[in-house]
Amino acid sequence: MRFRGCLLAFPLTLSVVACGGTRPAPRGPAAPVVAPDVDADGPPMAIADAALPYAIVDGHTGRAVPEATFWAAVDGAQAVCVGEEHPNPHHHWAQLHVVEHLAGAAGAGRRALGLEMIQQPFQGVVDDFAAGAIDEPTFVSRVGWADRWGYPWSYYQPSITHAIAHGWSVRALNARAELVKRVGKVGVAGLDPVERAELPELVLDDARHRAWFDGVMRAMGDHGGANMPSADNMYAAQVVWDESMAAGAHAWLAGGGDAIVILAGTGHCQDGAVAGRLERRGVARVVTVRPIIDDGEGAVADALTEANADYLFVMTPPTGP
């Protein structure tokens, strides 16, 4: 089985399965990974130019889903997690399409946009940007976008600014990179009391999710040799990432929010990851959406075999010269 976009990529040089594309190394060179129709040497594709025709497929059964049925499920959810392969502009367009739909829905109530891309300590910076207290370049600098995320800001800017323009809250959901790196190195048991206090509630014995993680690890092969963290520690780091996002989204909902749209890598927007961990916290209506390009090389079939998202947002690339 191929794992498109499920690459070993973690902040601050720690490798772990993020399942969303290879993040450029924060403090060193890295070969960029781009969508097949994107020029790696040119500027990032504008998200408005990345729109493609799409159809909706049930991610568990493979059955075609009427678009109205899909949007009804999205409209009725408390949390919608829309995945991405981070370097793929078409996936970011799909996310924007969901945000635009919900922003235009009548009677939407209090909504939020939750972001894997920004770590929780920077929530105050996010709030300042949403309030207009700082400009865009200042925001990008203060959240450490280039070092702590690394993918083009222009891929995310349309969804974030659209949400803000419609009065949504914007939530920084990711765990602090240094904490995740520390877990990957020493495990949860090796943390000091201050670090342990920063952890969300963790469930580390989800057998299906662990099997998925181990499968991705096997597919990726050995990428670190003797310097590679243990599989248990790497899995714990992945779970800290998922649980932190779930805890942050749940806290916003529990504080009076009506619904949240979460943008995250495809490995996080799946049943056993953020979605299942939200449900464990009492969020009853969670929908997972996986954008995917029907490339004619089995991408949709692979996703259906994995069967870990509610809906596949299947985009069709243009044909011909």
Side-chain angles (χ1 to χ4, degrees), residues 20 35 43-54 56 67 70-119 122-143 145 149 151-174 245 248-249 252-253 257-266 268-269 274 287-291 311 313 315:
M45 177 183 284
I47 297 308
D49 296 333
L52 290 173
Y54 69 89
I56 307 299
E67 192 172 353
F70 168 70
W71 289 122
V74 168
D75 291 342
Q78 292 173 279
V80 181
C81 195
V82 190
E84 64 181 64
E85 292 177 5
H86 305 312
N88 193 316
H90 306 294
H91 291 195
H92 296 290
W93 173 78
Q95 292 173 327
L96 175 61
H97 194 52
V98 172
V99 170
E100 288 176 334
H101 169 86
L102 288 171
R110 289 188 62 213
R111 291 196 180 275
L113 184 68
L115 301 171
E116 174 197 2
M117 304 83 208
I118 304 177
Q119 294 158 26
F122 303 106
Q123 184 62 53
V125 180
V126 176
D127 293 341
D128 278 352
F129 180 57
I134 58 175
D135 62 15
E136 190 172 294
T138 302
F139 165 75
V140 171
S141 174
R142 289 184 182 176
V143 299
W145 189 276
W149 189 243
Y151 293 103
W153 160 247
S154 61
Y155 284 174
Y156 301 88
Q157 188 265 0
S159 289
I160 293 171
T161 56
H162 194 83
I164 291 171
H166 285 79
W168 292 20
S169 177
V170 179
R171 313 307 300 170
L173 295 184
N174 211 340
M245 287 192 279
W252 189 82
L253 291 168
D258 294 301
I260 186 168
V261 178
I262 300 166
L263 308 184
T266 56
H268 301 299
C269 284
V274 173
V287 168
T288 52
V289 182
R290 179 174 178 175
Y311 297 102
F313 189 103
M315 292 173 280

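In this structure, G257 and R110 approach most closely via the heavy-atom pair N-NH1, 3.5 Å. Heavy atoms only, all atoms of each residue included: H91 and E85 are closest at ND1-N, 2.9 Å. Closest non-hydrogen pair, E84 versus W149, comes out as OE2-CZ2, 4.2 Å. In terms of heavy atoms, A73 sits closest to Y311 at CB-OH, 3.4 Å. The nearest pair of heavy atoms linking V289 to V80 is CG2-CG1, 4.2 Å. Annotation for H86 and A264: closest pair CE1-C, 4.5 Å, computed over non-hydrogen atoms.
Between H101 and W71, the two ring planes are parallel [angle under 30°; tilted spans 30° to 60°]. Using cut-offs of 30° and 60° for the angle between ring planes, the F313 and Y54 rings count as parallel.
The residue from I262, I160, N174 that alone fulfils the side chain to side chain contact (heavy atoms under 4.5 Å, CB included) condition with L115 is I160. Under the side chain to side chain contact (heavy atoms under 4.5 Å, CB included) rule, I47 has a single partner from P152, P89, S154, which is P89. Partner F129 forms a ring-ring contact (aromatic ring centres under 6.0 Å, His included) with one of W145, F122, F139 and no other, that one being F139.
Between the side chain of Q95 and the backbone N or O of G83 there is at least one donor-acceptor pair closer than 3.5 Å. Checked by atom type and distance alone, the side chain of H162 never pairs as donor or acceptor with a backbone atom of A103 at under 3.5 Å. E116 contributes no side-chain N or O that, together with a main-chain N or O of L263, makes up a donor-acceptor pair within less than 3.5 Å. Distance alone, capped at 3.5 Å, places no donor-acceptor pair between the W168 side chain and the V99 backbone. The main-chain N or O of Q157 is found under 3.5 Å from a side-chain atom of T161 such that the two form a donor-acceptor pair.
One distance of note links CD of E67 with CD1 of I56; it measures 6.5 Å at 0.5 Å rounding. Note that CZ of R142 and CD1 of I118 are 13.5 Å apart. Values are rounded to the nearest 0.5 Å. Note that CZ of R111 and CD1 of I260 are 11.0 Å apart. Values are rounded to the nearest 0.5 Å. In this structure, CD on Q78 lies 6.0 Å from CG on L253, to the nearest 0.5 angstrom.
At least one side-chain heavy atom of E100 sits under 4.5 Å from a side-chain heavy atom of L96. Side-chain atoms of M45 and W93, non-hydrogen and from C-beta on, never get closer than 4.5 Å to each other. The closest side-chain heavy-atom distance from V261 to V82 is below 4.5 Å.
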Take V170 and I164 through the test side-chain contact (heavy atoms from CB on, under 4.5 Å) and record every step on the way to the result. CA-CA 7 Å; V170 179; I164 291 171; 3.7 Å; yes
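A donor atom on one side chain and an acceptor atom on the other are not found under 3.5 Å apart for T288 and R290. Of the N and O atoms on the side chains of D127 and Q123, at least one donor lies less than 3.5 Å from an acceptor on the other residue. Looking only at atom types and distance, the side chain of W153 has a donor-acceptor partner in the side chain of E136 under 3.5 Å away.
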